[in-house]
Q: 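Could you have a look at this structure, given as structure tokens, before my questions?
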Amino acid sequence: MTEGTGASNFIRDIVAADRAAGKHGGRVVTRFPPEPNGYLHIGHAKSICLNFGLVQDVPGGICHLRFDDTNPTTEDPEYVRSIQDDVRWLGFDWKDKLFFASDYFEQLYEFAEGMIRKGVAYVDSLTAEEIRLYRGTLTEPGKNSPYRDRSIGENLDLFRRMRAGEFPDGAQVLRAKIDMASPNINLRDPVLYRIRHAAHYRTGAAWCIYPAYDYAHPLSDAIEGITHSICTLEFEDHRPLYDWIVEQAGTPHRPQQIEFARLNISFAVMSKRKLLELVEKKLVAGWDDPRLPTIKGLRRRGYTPEAIRAFCEHIGVAKRDAVVEMQLLEHFIREDLNKRSLRVMAVLKPLKIVIDNYPEGSVEELVAVNNPENASAGTRTIPFARTLYIERDDFLEDPPKQFFRLAPGREVRLRYAYIIKCVGVTKDPRTGDITELHCTYDPATKSGAAEAQRKVKATIHWVSTAHAIEAEVRLYNPLLIADLAKIPADHDWTTYLNPQSLERITGCQVEPSLKGTAPGTRFQFERLGYFCTDLSSTADQMVFNRTVSLKDAWAKIEKAKPSR
RNA sequence: UGGGGGAUCGUCUAGCGGUAGGACGCCGGCCUUUGGAGCCGGCUACCUAGGUUCGAUUCCUAGUCCCCCAGCCA
């Protein structure tokens, strides 16, 4: 049983039981084994937290980072870099245990010759198409390849010539000799090696034959002394093959494969293939586009590693297929940011107001708290003057019943400042749009003053027009609909793009204390939500990404607005 | 109609024979110098049918539904 969260983690229980039983000499060695063919996303974070988390409190426990780079055509060093970067950013450390399956190519090859000598592997000269036909179907057994019974000598010779580059791609494959009639299709003589005359990003042209996952993975685990090889559910059927490979190779160490359900999140595209396509077709700005559930995207959006880890811990580890709601992820970032982010005032859609009875040219420095829940965050001063911006949505000329903010003749408090009353509305004579409000303030109601106790129905945020800094904000929503993962490969993507996924607001006015803010700093804009200075912001430019909105303020505000 | 897995509130999950708990979400209230946060209360669940048992979410049997597998991807 897990403590604290109550979330399940049956693998933690297995590991604990194995340790108690003294299995593997009490050692626990796990590994996170990504193929460097894309950027990591929140689903990988679950696996990372699991694998690294499992060894965290185990004396001598270690989690390896191993790149499963057995397919030269899809892999790239850019992905290797980004993956290492993301794992570190998430707060995990593989120490000196960084490995590459490609480093085992020679060993893997030797094991293969060994299997040929044992008579449990053979070179097949059937075409890919023929192999598929011979494999049978889900309900019909396959049949043996005519090449299945080649002599050991002939197999060895052929395999060596495969390695030497004597054959073109697809001409030969090395297959395990298991059982073409097995009800488990993975056991119908799976392909172990294929010919690929392609340069590998690490081994270059050294090889033209490459081991398949089903062959390389268990052996890599065995070589590294992995005790618990954790993978996702779709590999359950492969476990007998995994065990077979390890058994036939005769390695001293026997790792154990354990499967768990991969993470799905509502409204998020979690397929590497589809993410790649979105990036390549430039339907998003890149792998770090904040609308994407990639680690880089979440990071740019302002998510913290702590929040992601807490989320992964909370959702648990089980074997049933699950789709976690996006709100749960948002809950964790909100909870984390709520403790650490500074509160500032910003006006997304400015409406100018003039306080008629406030002395012209006068500027007051008002004290504002940086985080009401954390006194150590301190205070800051904000300038107050005669002309201010307030949120356009905070004023309605003809307010409905549930609207408590500013309206003609009505009073409202300006946060950290005074109670003001709206005494006039200026409109553009041609369009009828409200261009400016005239207000009066009550000097006795200054925030913090002894006689400032008078209550008003609402408090609104503001910035001084003379001191405000203009910024760009981007409000993000997840890019795509939930079952995108199920749409056919050739479907028109644009049909599925969410038009509301990105809204840019360029005229947003922020309080002067934000000037020079370091990229990546998180703020809570009073009443507007959580924002993060975009990692791409420069000194002379301020761009804020919305990380997640305030819980339900938005919905309530929308509800309070007149519907017509 | 081959094989492998899985079914508990709307969602993610506890439970391993003894009043079905937590979290998200939602609803309501309190509080508040923002309607946020916080606090309090409420909401809804054991796939079905038999059986074993004093008692089954838990054990047995038979079904039902969902997911995965026929790449020389991982």
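A quick note: this is a predicted structure, and the numbers were derived from the prediction, not measured.
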Q: Using a heavy-atom cut-off of under 4.0 Å over every strand shown, decide if A:R415 touches base, sugar-phosphate, or nothing.
A: base
Q: Need to verify one output field. Residue with the more 5' nearest nucleotide on RNA chain B, A:H331 or A:R239?
A: A:R239
Q: Could you check which residues of residues 158-171 of chain A get a heavy atom under 4.0 Å from RNA chain B? Sort them by number, please.
A: A:G170
Q: May I ask you to say what A:L126 touches in the nucleic acid, namely base, sugar-phosphate or nothing, with a heavy-atom cut-off under 4.0 Å?
A: base
Q: Taking only the side-chain heavy atoms of A:Q327 (C-beta and beyond), determine which of B:G25, B:G3, B:G35 contains the nearest atom.
A: B:G25
Q: Given B:G36, B:A74, B:U33, which nucleotide is nearest the side-chain atoms of A:N71?
A: B:A74
Q: Is there a Watson-Crick or G-U wobble partner for B:A20 with both distances under 3.5 Å, and which nucleotide is it?
A: none
Q: What does B:G41 pair with, Watson-Crick or G-U, if both distances are under 3.5 Å?
A: B:C27
Q: Quick check: A:Y210 with A:F105 (ring centres under 6.0 Å apart)?
A: yes
Q: Which ones in residues 37-47 of chain A lie close to RNA chain B, meaning a heavy atom under 4.0 Å from one of its atoms?
A: none
Q: Could you check which of B:U33, B:G5, B:G2 has an atom nearest any side-chain atom of A:S447?
A: B:U33
Q: Of all the nucleotides listed (B:C69, B:G5, B:A70), which has the minimum atom distance to the side chain of A:R135?
A: B:A70
Q: Passes side-chain contact (heavy atoms from CB on, under 4.5 Å), A:I258 versus A:F10? Steps please.
A: CA-CA 10 Å; A:I258 303 167; A:F10 76 99; 4.0 Å; yes
Q: Which nucleotide, in any strand shown, forms a Watson-Crick or G-U wobble pair with B:U1, with both distances under 3.5 Å?
A: none
Q: Which protein N or O atoms sit under 3.5 Å from an N or O of nucleotides 9-12 of chain B?
A:
unit_1, atom_1, unit_2, atom_2, d
B:G10, N2, A:E325, OE1, 3.0
B:U11, O4', A:E325, OE2, 3.2
B:U11, O3', A:V323, O, 3.1
B:U11, O2', A:V323, O, 3.1
B:C12, OP1, A:V323, N, 3.1
B:C12, O2', A:I315, O, 2.9

Q: May I ask you to decide if A:Y109's main-chain N or O and A:Y193's side chain share a donor-acceptor pair within less than 3.5 Å?
A: yes
Q: With a 3.5 Å cut-off and heavy atoms only, can you find an N or O donor on one side and an acceptor on the other between the side chain of A:T139 and the base of B:U1?
A: no
Q: How far does the P atom of B:U8 sit from the matching atom of B:U48, given to the nearest Å?
A: 11 Å
Q: Looking at A:R66 and A:E224, is any side-chain nitrogen of the basic one under 4.0 Å from a carboxylate oxygen of the acidic one?
A: yes
Q: Quick one: does any side-chain atom of A:R546 pair with a main-chain N or O of A:C532 as donor and acceptor, under 3.5 Å?
A: no
Q: Using the side-chain heavy atoms of A:L138, tell me which of these nucleotides is nearest: B:G2, B:A74, B:G3.
A: B:G2
Q: Could you check how far CD1 of A:I390 sits from P of B:U33, rounded to whole Å?
A: 20 Å
Q: Pick base, sugar-phosphate or nothing for A:I131, based on heavy-atom distances below 4.0 Å to the nucleic acid.
A: base
Q: Quick one: do A:K274 and A:E277 make a salt bridge, cutoff under 4.0 Å?
A: no
Q: Looking across every strand, which nucleic acid part, if any, lies under 4.0 Å from A:A212 by heavy atom: base, sugar-phosphate, or nothing?
A: sugar-phosphate
Q: What verdict does the side-chain hydrogen bond (donor to acceptor under 3.5 Å, both in side chains) test give for A:N338 and A:Y530, after you've listed the backbone C-alpha separation in whole Å, the side-chain angles of each residue and the deciding distance to 0.1 Å?
A: CA-CA 9 Å; A:N338 201 38; A:Y530 299 89; 3.2 Å; yes
Q: For A:R343 and B:G35, give me the distance from atom CZ to atom P, rounded to whole Å.
A: 14 Å
Q: To the nearest angstrom, how far is A:R66 atom CZ from B:A74 atom P?
A: 13 Å
Q: By nearest nucleotide on RNA chain B, pick out whichever of A:F10 and A:H217 is the more 5' one.
A: A:F10
Q: Does A:R150, at its CZ atom, have more than 12 non-hydrogen atoms belonging to other residues, nucleotides or ligands within less than 6.0 Å?
A: yes
Q: Applying the side-chain hydrogen bond (donor to acceptor under 3.5 Å, both in side chains) criterion to A:Y39, which one of A:H44, A:E78, A:K272 satisfies it?
A: A:E78
Q: Does the A:D221 side chain pair with the main chain of A:I226, one donor and one acceptor, at a distance under 3.5 Å?
A: no
Q: Return the pairing partner of B:U32 with a 3.5 Å limit on both distances, Watson-Crick or G-U wobble; otherwise return none.
A: none
Q: Is the shortest side-chain N/O distance from A:R334 to OP1 or OP2 of B:G25 below 4.0 Å?
A: yes
Q: Do the side chains of A:K319 and A:E259 get close enough for a salt bridge, i.e. N-O under 4.0 angstrom?
A: yes
Q: Please state whether the base of B:G35 and the side chain of A:R405 form at least one donor-acceptor pair under 3.5 Å?
A: yes
Q: Main chain of A:D189, side chain of A:R175: is a donor-acceptor contact present, judged purely on distance under 3.5 Å?
A: yes
Q: Can you tell me the pairing partner of B:A7 across any strand shown, Watson-Crick or G-U wobble, with both distances under 3.5 angstrom?
A: B:U64
Q: A:R194 CZ to B:G71 C1': how many Å, rounded?
A: 9 Å
Q: With respect to the phosphate group of B:G35, does any side-chain polar atom (N or O) of A:K457 fall under 4.0 Å of OP1 or OP2?
A: no
Q: Under 3.5 Å for both donor-acceptor distances, Watson-Crick or wobble: does B:A56 have a partner, and if so which one?
A: none
Q: Given atom OH of A:Y213 and atom P of B:C72, what is their separation to the nearest angstrom?
A: 15 Å
Q: Nearest to the side chain of A:T459 - B:A70, B:U33, B:G36?
A: B:U33
Q: Starting at atom CZ of A:F332, determine the distance to atom C1' of B:U13, rounded to an integer number of angstrom.
A: 12 Å
Q: What nucleotide, of B:C72, B:G5, B:A74, holds the atom closest to the side chain of A:D68?
A: B:A74
Q: Among A:E391, A:R415, A:R343, find the residue that satisfies the side-chain hydrogen bond (donor to acceptor under 3.5 Å, both in side chains) test when tested with A:H461.
A: A:E391
Q: Using a 4.0 Å heavy-atom cut-off, does A:T127 contact any base of the nucleic acid, only the sugar-phosphate backbone, or nothing at all?
A: base
Q: Check whether A:T232 reaches the backbone of A:E234 with its side chain - one donor and one acceptor, N or O, closer than 3.5 Å.
A: no
Q: Are the charged groups of A:D393 and A:R405 less than 4.0 angstrom apart, N to O?
A: no
Q: Can a side chain N or O of A:T70 be found less than 4.0 Å away from OP1 or OP2 on B:A74?
A: yes
Q: What's the CG-P distance between A:D237 and B:A70, to the nearest Å?
A: 9 Å
Q: Could you state the atom-to-atom distance from CD of A:Q524 to P of B:A37 in whole Å?
A: 9 Å
